[in-house]
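Notes follow once the structure below has been shown.
Bear in mind the structure is a predicted one, so any value in this text is a computation, not a measurement. Note on naming: letters A, B, ... go to the chains in the order of the sequence lines (proteins, then strands), and numbering restarts at 1 for each one.
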2 protein chains.
Amino acid sequence: MSAPSLRARVRSEMSQEIKDVARRHLATDGANLSLRAVARDLDIVASALYRYFPSRDALLTALIIDAYDALATAATEADAAVPRDDLRGRWLAVCRAVRTWALAHPAEYGLIYGAPVPGYAAPQDTVEPASKVILLLVDIVVDGLGRLQPLKASPLTTPLRADLRRLIEQRHSDLLEERLDRVLVAWTHLFGVLNFEVFGRLDEMIEARAENFDHHMALMADLTGLPR
Amino acid sequence: MSAPSLRARVRSEMSQEIKDVARRHLATDGANLSLRAVARDLDIVASALYRYFPSRDALLTALIIDAYDALATAATEADAAVPRDDLRGRWLAVCRAVRTWALAHPAEYGLIYGAPVPGYAAPQDTVEPASKVILLLVDIVVDGLGRLQPLKASPLTTPLRADLRRLIEQRHSDLLEERLDRVLVAWTHLFGVLNFEVFGRLDEMIEARAENFDHHMALMADLTGLPR
DNA sequence: CTGGAGTGAGAACAGTGTTCTCGAATAAGT
DNA sequence: ACTTATTCGAGAACACTGTTCTCACTCCAG
């Protein structure tokens with residue numbers, strides 16, 4: 001669409017460069033990101049950053065959104081690379097992609113799945129990319145309707161069933177509440193294992209991390225009723 | 001024993017008071033804890049804090065240790081209040097106690113189960129209280145040996161089995177590798193749900209939080225083979 | 001060609017963790 | 001009981017931080 005106005009182009013390039021440097025600092029300093037240090041690396045004075053991001057929080061928010069997006073595309077691409085009817089293959093591919101990304105970018109993972117800073121309200125821009133992974137898992141199960149294994153009974157209480165019903169109607173898929181429940185269990189577990197692994201809670205306990213992860217996610221596939 | 005030397009007593013009282021104030025600040029400011037703000041609340045100058053804690057990190061470490069201890073005793077007491085042979089009752093009591101504590105102290109929970117700051121190595125003092133919850137869960141299962149339900153097959157790879165074997169021998173209990181594996185799955189899941197709930201990832205998804213939690217942990221009890 | 005917008009530099013302000021020095025108070029040793 | 005040593009808090013100082021303002025300079029549009 002017409003001229004991106006050279007100035008606008010170098011501007012977005014500069015924004016990108018700032019985020020890249022900030023990301024690099026994130027990896028070593030964690031969430032205590034120093035604007036002045038970022039500026040130094042860019043041979044720029046700190047106040048100049050404010051032409052691109054109105055505050056430190058805004059920069060962090062941009063990094064958070066980027067992280068969600070990167071994770072989502074990694075998972076989506078992994079899913080797309082597996083034949084549609086290989087449900088377990090897709091399931092494992094998505095889970096492994098999430099893990100691979102998380103291990104490759106621990107600081108950014110911590111930014112989005114660690115403890116949020118109190119008072120920092122996640123902007124609306126983050127909710128859509130944040131829900132991408134669970135939607136992928138749901139899609140896999142939906143694609144398997146008719147071939148899924150029956151679930152061992154585990155009764156849902158009425159209020160919980162209502163929550164599930166609401167979620168199903170929002171996306172107007174036609175899953176049973178029990179089935180969606182299991183997907184949510186699996187989704188919860190996925191990030192439970194990853195938090196433990198990325199945050200170092202498995203150190204000196206489990207050495208066979210990859211095997212452990214695959215095993216956990218296979219159990220979750222069973223629990224969800226994916227056919228073998 | 002003997003004389004706690006009045007000076008040592010007021011010293012430990014002061015340390016306690018500092019931690020209390022710091023805890024209060026933690027709840028509102030998150031991990032960016034300001035020493036000077038804490039000092040102000042105590043009508044003390046910031047440098048005076050260094051008589052009690054050699055650095056800000058040291059104060060945070062003390063808070064972390066306290067948090068682990070508080071969580072561990074909450075869980076232990078909950079377990080002790082249920083008849084020994086009511087395995088599922090004990091299981092649910094422990095899980096609920098962890099949840100209750102986490103929801104009552106979200107900032108401290110985030111401190112110990114959120115993303116760790118890079119470069120901050122958890123001191124040795126934290127590993128023992130940190131493993132208390134999983135040990136409680138293991139104990140419940142061990143107390144049920146002979147009454148446990150057989151596990152649906154889900155083969156363990158050799159390296160993973162070796163990890164589990166090593167853990168079993170460290171504590172010289174006589175669990176099967178498969179059984180310990182399920183306890184670890186349940187343990188992982190416990191903190192997976194709690195991270196989601198405490199860090200707000202269930203907002204606008206699940207309203208029936210308590211029911212959801214109980215349901216998840218009951219599923220984990222099933223998966224571990226606790227008799228009904 | 002000229003006004004206006006976009007950009008970066010620099011100074012300034014309030015806040016931070018940390019170190020050091022210096023009196024005052026308290027405990028310990030003789 | 002008197003002196004010596006230790007502990008404590010205050011205060012100043014240093015090197016940082018995020019943020020705001022003002023001031024030049026450059027670029028593009030009318």
Taking [atom1] from [X] and [atom2] from [N], how many angstroms apart are they, rounded to a whole number?
X	N	atom1	atom2	result
A:Tyr50	D:dT20	OH	P	6 Å
B:Leu49	D:dG9	CG	P	9 Å
B:Leu59	C:dT18	CG	C1'	14 Å
B:Phe53	C:dT18	CZ	P	13 Å
A:Arg9	C:dG6	CZ	C1'	16 Å
A:His25	D:dC16	NE2	C1'	15 Å
B:Glu13	D:dC8	CD	P	13 Å

What protein N or O atoms touch nucleotides 12-16 of chain C N or O atoms at under 3.5 angstrom, if any, and at what distances?
from, atom 1, to, atom 2, distance (Å)
C:dT16, OP1, B:Ser34, OG, 2.9
C:dT16, OP1, B:Arg40, NH2, 3.4
C:dT16, OP2, B:Arg40, NH1, 3.4

Do [X] and [Y] touch side chain to side chain, with heavy atoms closer than 4.5 Å?
X	Y	result
B:Asp41	B:His25	yes
B:Lys132	B:Leu71	no
A:Arg51	A:Met14	no

_Both A:Ser47 and A:Arg51 contact DNA chain C. Taking the nearest nucleotide for each, which residue is further toward the 5' end?_
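The 5'-side residue here is A:Arg51.
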Item to check | A:Arg209 bridged to A:Asp203 by N-O distance under 4.0 Å | outcome: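 Here A:Arg209 pairs with A:Asp203 in a salt bridge, since their nearest N and O are under 4.0 Å apart.
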If you restrict it to nitrogen or oxygen atoms, what contacts under 3.5 Å exist between nucleotides 26-30 of chain D and the protein, and what is each distance?
none

Q. With respect to the phosphate group of C:dG8, does any side-chain polar atom (N or O) of A:Tyr52 fall under 4.0 Å of OP1 or OP2?
A. yes
Counting only side-chain nitrogens and oxygens, does B:Arg11 get under 4.0 Å of the OP1 or OP2 atom of D:dT7?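 No, because none of the side-chain N or O atoms of B:Arg11 sits under 4.0 Å from OP1 or OP2 of D:dT7.
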- Query: How close do B:Arg201 and A:Tyr113 get, heavy atom to heavy atom, and via which atoms?
  - Reply: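 Closest approach of B:Arg201 to A:Tyr113: NH1-CE2, 3.4 Å.
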Tightest non-hydrogen contact, residues A:Ser55 and A:Tyr50, listed as CA-CE2, 4.1 Å
Against the side chain of B:Met14, the closest entry in C:dT18, D:dG9, D:dT19 is D:dG9
With sequence neighbours left out, the residues meeting ring pair (Phe, Tyr, Trp, His ring centres under 6.0 Å) with A:His105 are A:Trp101
Practice prompt. Flag yes if more than 12 heavy atoms outside A:Lys19 fall under 6.0 Å of its NZ atom; otherwise flag no.
Written response: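 For A:Lys19, atom NZ is crowded (more than 12 foreign heavy atoms under 6.0 Å).
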Margin query: One pair to check against side chain to side chain contact (heavy atoms under 4.5 Å, CB included): A:Arg99 and A:Glu197. What are the steps and the verdict?
Written below: CA-CA 9 Å; A:Arg99 174 172 182 265; A:Glu197 182 167 355; 2.7 Å; yes
